[in-house]
Amino acid sequence: MPATVIVGTQWGDEGKGKVTDVLADEADMVVRFQGGNNAGHTIVIGEERFALTLIPSGVLNPGVMPIIANGCVVDPRVLLEEMATLQSRGVDTSLVRLSANAHLIMPYHREIDALQERFLGKGQIGTTKRGIGPAYTDKFARHGIRVQDLFDPKIFRDKLEVVLKEKNKLLTKIYNQLAMDATAIADEYLGYAEQLAPHVADTSLLIYEALGQDKQVLFEGAQATLLDVDHGTYPFVTSSNPTAGGATIGSGIGPTSIDRVVGVAKAYISRVGSGPFPTELMDDVGEKMVQIGGEYGTVTGRRRRCGWLDTVALRYATRINGLTDIALTKLDVLSEFDRLKVCVAYETDEGRFDEFPRQQRVLYESRPVYEELPGWAEDISGARSLEDLPPKARDYIAYVEKAAGVPVTMVSVGPQRAATLNL
């Protein structure tokens with residue numbers, strides 16, 4: 001069976017984990033194709049809440065194989081701790097597979113990440129300081145150390161010695177920090193090899209074989225379109241490609257294997273960290289969205305910036321990803337508002353922009369052009385079908401469909417699995 005890619009259409013935190021969890025009910029394999037433990041997915045099952053940072057959401061569905069593919073960067077300590085925590089809560093992690101080609105996040109990556117962010121001062125990007133950016137930097141500079149290197153101690157130590165000469169110069173001479181000890185790092189990381197060994201595999205081959213057997217494979221991205229290193233609001237982006245095209249490179253499959261791309265869009269919009277945000281609300285309405293929506297980061301606990309839905313950005317995400325359909329999440333949060341606004345264009349002193357601008361400066365200077373819609377002002381969290389929703393809530397869904405140019409096929413009206421409407 002052809003593959004399905006699930007991507008965020010905004011700045012992340014749209015509810016991709018929940019959508020993946022719901023779709024994984026009929027899947028055989030869920031693949032995380034980029035990012036590291038800088039992105040969290042919160043999933044609610046009954047009374048239990050699971051916060052995942054690296055392992056794909058499909059791990060909560062019995063029999064599904066969760067794969068951390070080659071496009072990811074992996075902190076082995078975090079991965080092992082996450083698996084241990086899931087096991088302690090009765091979740092089987094024996095099927096978790098980790099690509100031998102995935103790059104490792106090393107201690108110096110975490111240290112440099114935090115130092116670089118601090119030295120940027122007011123120009124901070126808003127990184128989670130978990131070493132993701134520096135790990136990707138080393139990957140593309142061909143200085144990276146991969147998972148497979150853990151199983152050849154000589155190669156691992158040789159690579160580490162070479163890399164650490166450069167990193168220690170940076171730490172001591174630029175940042176005035178203590179040098180790191182290669183022996184201590186090697187002893188720690190080589191100690192992870194035995195625990196990781198049952199899970200390390202040629203994941204590209206596993207995915208290829210699954211697709212050849214007509215199995216259903218879901219590809220789960222971290223972050224989202226507007227945080228893509230090529231197509232997002234650079235430099236306030238992540239260090240990889242969370243857009244649909246990244247799924248092929250990040251997992252080792254061809255694009256002809258993919259026939260569905262589900263874009264996850266929150267019914268409003270939010271952003272963590274720095275960067276432009278045309279519809280951001282710096283008033284009581286924005287604070288109300290934060291409180292009702294529980295808009296705090298899964299990984300960092302940081303308060304998210306909130307604003308009205310931006311259909312300019314949504315159309316852009318549809319185009320960049322080739323979306324086939326949309327999963328609209330947190331529609332229930334808008335029940336608390338009598339009037340709703342939707343951004344349909346940006347306006348600056350230079351004129352009106354109906355499409356996402358090519359120059360980021362426009363995003364900083366723009367004023368959102370809004371259309372107002374009536375709210376439904378009633379609790380919809382108990383809805384389990386489209387017919388259960390009030391007419392004005394259905395009108396809002398139809399409005400989103402028209403704006404994006406693709407159908408809305410799933411609507412979330414609460415954090416629980418059951419609070420998901422398949423349209």
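In this chain, residues are counted from 1 in sequence order.
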K.L.:
I'd like to know if the side chain of Y396 and the backbone of A267 have a donor-acceptor N/O pair within less than 3.5 Å.
P.N.:
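Yes; at least one donor-acceptor contact below 3.5 Å.
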K.L.:
Check E81 with R77, please: is the shortest side-chain N to carboxylate O separation under 4.0 Å?
P.N.:
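The answer is yes: the pair qualifies as a salt bridge.
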K.L.:
Which pairs count as salt bridge (Lys or Arg N to Asp or Glu O under 4.0 Å) when at least one residue sits in residues 84-103, sequence neighbours excluded?
P.N.:
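Checked against salt bridge (Lys or Arg N to Asp or Glu O under 4.0 Å) - neighbours excluded - the pairs reaching residues 84-103 are E48-R89.
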K.L.:
Quick one: CG on D310 to CH2 on W11, what's the gap to the nearest 0.5 Å?
P.N.:
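So the gap between those two atoms works out to 6.5 Å.
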K.L.:
Quick test of your reading of the model: are E295 and K266 salt-bridged, counting only N-O distances below 4.0 Å?
P.N.:
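Salt bridge flag = yes for K266 with E295.
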K.L.:
Above 12 or not: heavy atoms from other molecules or residues under 6.0 Å from CD of E209?
P.N.:
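Buried by this count: over 12 neighbours within 6.0 Å.
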K.L.:
Examine distances only and state if a side-chain atom of T225 and a backbone atom of G8 form a donor-acceptor pair shorter than 3.5 Å.
P.N.:
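A pair under 3.5 Å: yes.
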K.L.:
Show your reasoning for whether side chain to side chain donor-acceptor pair (under 3.5 Å) applies to Q34 and N241.
P.N.:
CA-CA 7 Å; Q34 48 77 222; N241 296 108; over 6 Å; no
K.L.:
Using the side chain to side chain donor-acceptor pair (under 3.5 Å) rule, take T233 and R271 through it: C-alpha gap first, then chi angles, then the decisive distance, then the call.
P.N.:
CA-CA 12 Å; T233 51; R271 173 165 205 167; 3.1 Å; yes
K.L.:
Run V261 and T4 through side-chain contact (heavy atoms from CB on, under 4.5 Å) and show every step you take.
P.N.:
CA-CA 6 Å; V261 181; T4 296; over 6 Å; no
K.L.:
With a cut-off of under 6.0 Å to the ring centre and 45° to the axis, is K288 in cation-pi contact with F337?
P.N.:
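Checked: cation-pi criterion met.
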K.L.:
Report the residues that fulfil side chain to side chain contact (heavy atoms under 4.5 Å, CB included) with S412, sequence neighbours left out, ordered by chain and then residue number.
P.N.:
K18, T329
K.L.:
Do Q360 side-chain atoms and Y234 backbone N/O form a donor-acceptor pair below 3.5 Å?
P.N.:
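Present.
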K.L.:
What I'd like to find out is whether the side chain of V7 reaches to under 4.5 Å of the side chain of V262, using heavy atoms alone.
P.N.:
no
K.L.:
Stepwise, does the ring pair (Phe, Tyr, Trp, His ring centres under 6.0 Å) test hold for F353 with Y346?
P.N.:
CA-CA 5 Å; F353 291 81; Y346 306 143; 7.7 Å; no
K.L.:
Atom CD1 of I269 and atom NZ of K330: how far apart are they, to the nearest 0.5 Å?
P.N.:
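Spacing of CD1 (I269) from NZ (K330) equals 13.0 Å.
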K.L.:
Can you tell which of L79, V200, V147, V73 makes a side-chain contact (heavy atoms from CB on, under 4.5 Å) with I68?
P.N.:
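That would be L79; it is the only one of L79, V200, V147, V73 passing the side-chain contact (heavy atoms from CB on, under 4.5 Å) with I68.
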K.L.:
Which heavy atom of L98 sits nearest a heavy atom of T203, and at what distance?
P.N.:
C-CG2, 3.8 Å
K.L.:
Closer than 3.5 angstrom, by distance alone: can the side chain of R32 be matched with the main-chain N or O of L54 as a donor-acceptor pair?
P.N.:
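Confirmed, R32 side chain pairs with L54 backbone.
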K.L.:
When the ring planes of Y192 and Y189 are compared, do they come out parallel, tilted or perpendicular, using 30° and 60° as the limits?
P.N.:
perpendicular
K.L.:
If the condition is side-chain hydrogen bond (donor to acceptor under 3.5 Å, both in side chains), which residues does E82 pass it with, not counting sequence neighbours?
P.N.:
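E82: side-chain hydrogen bond (donor to acceptor under 3.5 Å, both in side chains) contacts with T53.
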K.L.:
side-chain hydrogen bond (donor to acceptor under 3.5 Å, both in side chains) with E355: which residues, sequence neighbours excluded?
P.N.:
none
K.L.:
For Y108 and A179, indicate whether the former's side chain and the latter's backbone hold a donor-acceptor pair under 3.5 Å.
P.N.:
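No, Y108 side chain to A179 backbone: no donor-acceptor pair under 3.5 Å.
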K.L.:
Are the side chain of E401 and the backbone of Y399 linked by a donor-acceptor contact shorter than 3.5 Å?
P.N.:
no
K.L.:
Answer yes or no: is there a donor N or O on one side and an acceptor on the other, between the side chain of K16 and the main chain of Q223, under 3.5 Å?
P.N.:
yes
K.L.:
Is the closest basic N to carboxylate O distance between R157 and D187 below 4.0 Å?
P.N.:
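A salt bridge is present here (some side-chain N lies under 4.0 Å from a carboxylate O).
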K.L.:
Might you point out which heavy atoms bring V64 and A24 nearest each other, and give the distance in Å?
P.N.:
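Looking at all heavy atoms of both residues, the shortest contact is CG2-O, 3.6 Å.
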K.L.:
Any donor and acceptor pair, going by atom type alone, linking the side chain of D388 with main-chain N or O of S385 inside 3.5 Å?
P.N.:
yes
K.L.:
Determine whether more than 12 heavy atoms belonging to other residues, nucleotides or ligands lie under 6.0 Å from atom CD of E161.
P.N.:
no
K.L.:
Within a reach of under 6.0 Å around OH of Y208, are more than 12 heavy atoms found that belong to other residues, nucleotides or ligands?
P.N.:
no
K.L.:
Please confirm whether the backbone N or O of L323 pairs with a side-chain atom of N321, one donor and one acceptor, at under 3.5 Å?
P.N.:
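Checking the backbone N and O of L323 against the side chain of N321, no donor-acceptor pair under 3.5 Å is found.
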K.L.:
On a heavy-atom basis, which atom in I326 and which in A265 lie closest, and how many Å separate them?
P.N.:
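Closest pair (atom of I326, atom of A265, distance): CG2-CB, 4.2 Å.
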K.L.:
What is the distance from atom OG of S239 to atom CG of L227, rounded to the nearest 0.5 Å?
P.N.:
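S239 OG to L227 CG: 10.5 Å, rounded to 0.5 Å.
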K.L.:
Between R130, R110, H109, which is the residue that forms a side-chain hydrogen bond (donor to acceptor under 3.5 Å, both in side chains) with D75?
P.N.:
R110
K.L.:
Does anything in residues 405-423 pair up under salt bridge (Lys or Arg N to Asp or Glu O under 4.0 Å), and if so which pairs, sequence neighbours excluded?
P.N.:
D21-R417
K.L.:
Which is it for N168 and M180 under the side-chain contact (heavy atoms from CB on, under 4.5 Å) test, yes or no, and what are the steps along the way?
P.N.:
CA-CA 6 Å; N168 277 337; M180 289 190 167; 3.8 Å; yes
K.L.:
Could you walk me through whether R361 and Y364 pass the side-chain contact (heavy atoms from CB on, under 4.5 Å) test, one step at a time?
P.N.:
CA-CA 5 Å; R361 171 182 54 81; Y364 283 103; 5.6 Å; no
K.L.:
Please answer whether the main-chain N or O of W308 pairs with a side-chain N or O of T279 as donor and acceptor at a distance below 3.5 Å.
P.N.:
yes
K.L.:
Applying side-chain hydrogen bond (donor to acceptor under 3.5 Å, both in side chains), name anything that partners E280, two or more places apart in sequence or on another chain.
P.N.:
R305
